[in-house]
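Treat the numbers as computed from the prediction; the structure is a model and nothing was measured.
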Amino acid sequence: MSELNITVGTEMRDAERELHHFRVRLGIASTFVLVMFALLFARFFYLQVVMHEHYHTLAEANRISILPIVPNRGIIVDRNGVVLATNYSAYTLEITPSKVESLEATIDELATLVEIGPRDRRRFKKLLEESKRFESLPIRTRLSDEEIARFAANRYRFPGVDVRARLFRSYPQGELFSHVIGHIGRVNQKDLDKLEAEGRSSNYRGTDYIGKTGLEYSYEDQLHGTTGVEQVEVDSGGRAVRSLSRSSPISGSNLVLKLDAKLQEVVYNAFGDRRGALVAIEPSTGGVLAFVSKPGFDPNLFVDGIDQENWNELNNSPDKPMVNRALAGTYPPGSTFKPFMALAALTYGKRTPGQAISDPGFYTFGGHTFRDDKVGGHGMVDMYKSIVASCDTYYYILANDLTIDGISRFMGTLGFGSRTGIDLAGEAEGVLPSQEWKRKRFKRPEQKKWYAGETISIGIGQGYNSYTPLQLAAATATLANDGVMFRPHLVNYVEEVHTRQRTPIEPRPLRSLDWKQEHIATIKRAMVGVNKEGTSARAFAGAQYTSGGKTGTAQVIGLKGEKYVESRVAERHRDHALFIAYAPAENPKIAVAVIVENSGFGARAAAPIARQVFDYWLLGKDAKKPVKDDDDAPQY
Amino acid sequence: MHPNIRRVVRFFTAHLDQPLLGAVLLLMIAGLVVLYSASNGSFARTSGQFTNMLVALGVMWVFAQIPPHYLMRLSVPVYAVGLLLLVGVALFGEIVNGARRWLHIGVTRIQPSEIMKIAVPLMLAWYFDRYEATLRLKNYAIGVLLLLVPVGLIARQPDLGTAILIFASGSFVIFLAGLSWRIIAALFVAGCASLPLVWSVLHDYQRQRVLTLLDPSQDPLGAGYHTIQSTIALGSGGIAGKGWLSGSQTHLDFIPERTTDFIFAVYSEEFGLIGNGILLVLFLLVIARAAAITANAPSLFTRLFAGAIMLTFFTYAFVNMGMVSGILPVVGVPLPLISYGGTSLVTICLGFGILMSIQTHKKLVQT
């Protein structure tokens, strides 16, 4: 059949073959089309499914610009409305490092227009180290109008440099409140990490500053307020097209303190150049009236970022101005411990007020002799005399009778050795020694054991005893308040700015200690005796009110069996002077604990400070001068 | 139905290919829907495009009525006039946006490269059909020359996008005409080898576009901007899209040329992967129908020309979507039947009209 159709078939088959060839090519082309479309679809799949999240984020970032509106930080005032921390608006010259080619050159150029001192440069350098490159950092704050004008005229020469109005924190009282108010500082990476972990970081968008220490730190939440948000749609040029939504910022709340600025100043002046701490508490509320740690520092230095020189000076000073002695310094209470020991004795039925011992001037226990300060002893000593004359022997014996467990149990209920819970961060616990404490504290088995001999020196507030001035003041206030204990607190009210609504911080007592009122009366009578006829009688001579007190001297270094001679001891190793007191005795309005470091005897250095404080608080008398050491005061 | 009405209906539907028309209409509807969104709800622009579509459909109808052998006769004159106009543009053309593409003729101005989109494959199909019986290497060489002269002129305008499209459509004709695989391979190798030469004659902005394709993030606010923003639009659309009129990228001016070359970014932002899939299917329907018409076309001329139309249409769609989704360089190529603009719409529909003509006049040719 094929042979028959050769001639006709060739033409036919040629045409057919042509068509076949064409269709093969068309098939190849169609396959190519399909493959390319599959490729496209794969690309779409990649973009729209695999990478969707990524591009979704990018698109949102593209579209909506969220502009934080930073709230005004709450201000802090004392009980009378005296401003302790406030805000003011000022112009700053700011550089965005990422937008500047040469920082050095730019700053040099700027210095020809506005004054930029070496301190500004140092501070900027420090800021630069802790900031991101695209952040705008202040090189000079508080520009004068003239400086602003001069820069404005030359602005075109400085890309990446701006003048901005910013709110600044100011502490008008300077170092007077440095340890209470603390200070704010620029938000650093550590702060950011913390905010992030607490889920609060979004509230800090646009916020440059955060509380770093003191109340600024403890009440950061209340002071900061709520950041407002304006959502604006922007076009590709970053221009706002329209506002999508706006939520106004809520200003941070104000803090109204219990503190009295004037009293604080009186205390500050009374200390003069001496180092130490004083905490004054209103016994009926636990409100802190004065809270001083000397020396202090100027918190204003920290607001714009402290420069290296000032920082080194503060940090390396042997006086340790950055340490909040009242809150974090722990000291043996010395003889100020004795009224509490006596109260423990009465409460546990180990002593009656009239029970007397004979004091030969020393107490021997387990072959070791514990000396009294008074050579030859005080003779017959009952409870009243033990406190008024500060007889050590009485308490050596009492400690032994109470045992370490009895002492630690009683002192524990008074708050010794645990944080008072004051509204200030960084409180030290102190040490209330007990058998259990020692077991935990030491490693070697022979160290873990409590020796009965160790209890003896605990009785006079030495040994392992170590408390903060705040704990001592709180215990004194509790005693003055007849056993009704309040948590010490600095802030009286948190005040909402717009509604003026005030939320009290500590309206109720923490607890009521089940002491017999007659026991308290016994102790208080003795403490009144201390200020009237005892160790601090000279400090309180002629006072128009009655007050109760107790002097103390805390050993800085142990002098084993040796008589302490002040002139032979280096200044830093001298004893600390301590004093606790309250007044008026009938209806205590103020209770204080004072420590003056390395100033020897409590009666000489610490009690006169308390006298000035009381005189001011009860009578309005302001001595306006530092307390002079009363060298004739009893040396115990 | 009244016999007269039936006659009228038959007259208007006589040479229309219904499957192809259906697919084209669906794409046009999709185009209007996206355009409405892309133009921020501009009714004027959308209705303007609707008018363009009516005109394009009219042109399609007209060309569907013209039997292919009439077209064949037009091949050489149209090509010759187009080439002349291109030379005219090179000599006297009006410069718009740094490119010499337009030629003023009396009251109006024309873009001769648009004519060449049809004229070049037409000319090549005519040429290969004419030498069908004795196709040799020499004929292919002449074919390549017929292709490269206009492409070269257009590339020099510069209008890289159109040049590439015309080059592609002409190449399809040469490929379908049976250029031997060995020569294709050789040309491929030669093409690759000549890339450095091509590189050296490219304009700076063209080089920049190629470089930007390799890494759009290199110049995010400059040449890479288009690609970056359109891929963001695409990617943020996700599977289901943000919904019609809800594409944030689009409505905030992030998408450049969003009613024309980058309209696909708007589409895929608002309709997502599902919408993209549907769109690809619609394009494939058009292409499949065109392929069927091509496969059954009665003569070499009609086969080559139909194949060129089909593959050019594919190229338009692929290059545009590839460019918007960031796998091809940014060249000015509209998305067929979707992008705003009358010229490309008319050109494409004209092609479809010819396809329909080839399909519906088949019997007349065979008998």
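Each of A:His21, A:Arg43, A:Glu53, A:His54 has some count of heavy-atom pairs under 4.5 Å with chain B, and the biggest count is that of A:Arg43. Among B:Ala177, B:Ala317, B:Gly178, B:Gly322, the residue making the largest number of heavy-atom pairs under 4.5 Å with chain A is B:Gly178. Highest contact tally toward chain A, considering only B:Gly272, B:Gly277, B:Gly241, B:Ala233, is held by B:Gly272 [criterion: heavy-atom pairs under 4.5 Å].
For the residue pair B:Asn296 and A:Arg23, a side-chain donor N or O sits within less than 3.5 Å of a side-chain acceptor on the partner.
Listed here is the closest heavy atom pair of B:Phe175 and A:Ala29: CE2-CB, 4.4 Å. Here the closest non-hydrogen pair linking B:Ala295 and A:Leu19 is O-CD1, 4.1 Å.
A:Arg25 contributes a side-chain N or O that, together with a main-chain N or O of B:Leu179, makes up a donor-acceptor pair within less than 3.5 Å. In this structure, A:Gln48 contributes its side chain and B:Leu234 its backbone to a donor-acceptor pair below 3.5 Å.
A 4.5 Å side-chain heavy-atom check between A:Phe45 and B:Asn276 finds every atom pair outside the cut-off. The shortest distance between side-chain heavy atoms of B:Met310 and A:Leu26 falls below 4.5 Å. In this structure, the side chains of A:Leu40 and B:Ile327 come closer than 4.5 Å at one or more pairs of heavy atoms. In this structure, the side chains of A:Phe32 and B:Leu311 stay at 4.5 Å or more apart for every pair of heavy atoms. Residues A:Leu47 and B:Ser325 form a side-chain contact, since some pair of their non-hydrogen atoms from C-beta on lies under 4.5 Å apart.
Annotation: the span from B:Thr231 atom OG1 to A:Met51 atom CE amounts to 9.0 Å, rounded to 0.5 Å. Within the model, atoms CE of B:Met321 and CG of A:Leu39 stand 11.5 Å from one another, a figure rounded to the nearest 0.5 Å.
Proximity to chain A (any heavy atom under 4.5 Å) is shown, for B:Phe313, by neither the backbone nor the side chain. In this structure, the portions of B:Leu284 lying under 4.5 Å from any heavy atom of chain A include both its backbone and its side chain. Both the backbone and the side chain of B:Ser268 come within contact range of chain A, judged by heavy atoms closer than 4.5 Å. Within the 4.5 angstrom heavy-atom criterion, atoms from both the backbone and the side chain of B:Leu280 approach chain A.
When the shell of 6.0 Å around CG of A:Leu34 is examined, it contains more than 12 heavy atoms from other residues, nucleotides or ligands. A:Phe158 CZ: more than 12 foreign heavy atoms inside a 6.0 Å radius.
The aromatic rings of B:Phe318 and A:Phe37 sit parallel, their planes meeting at an angle under 30°, below the 60° perpendicular limit.
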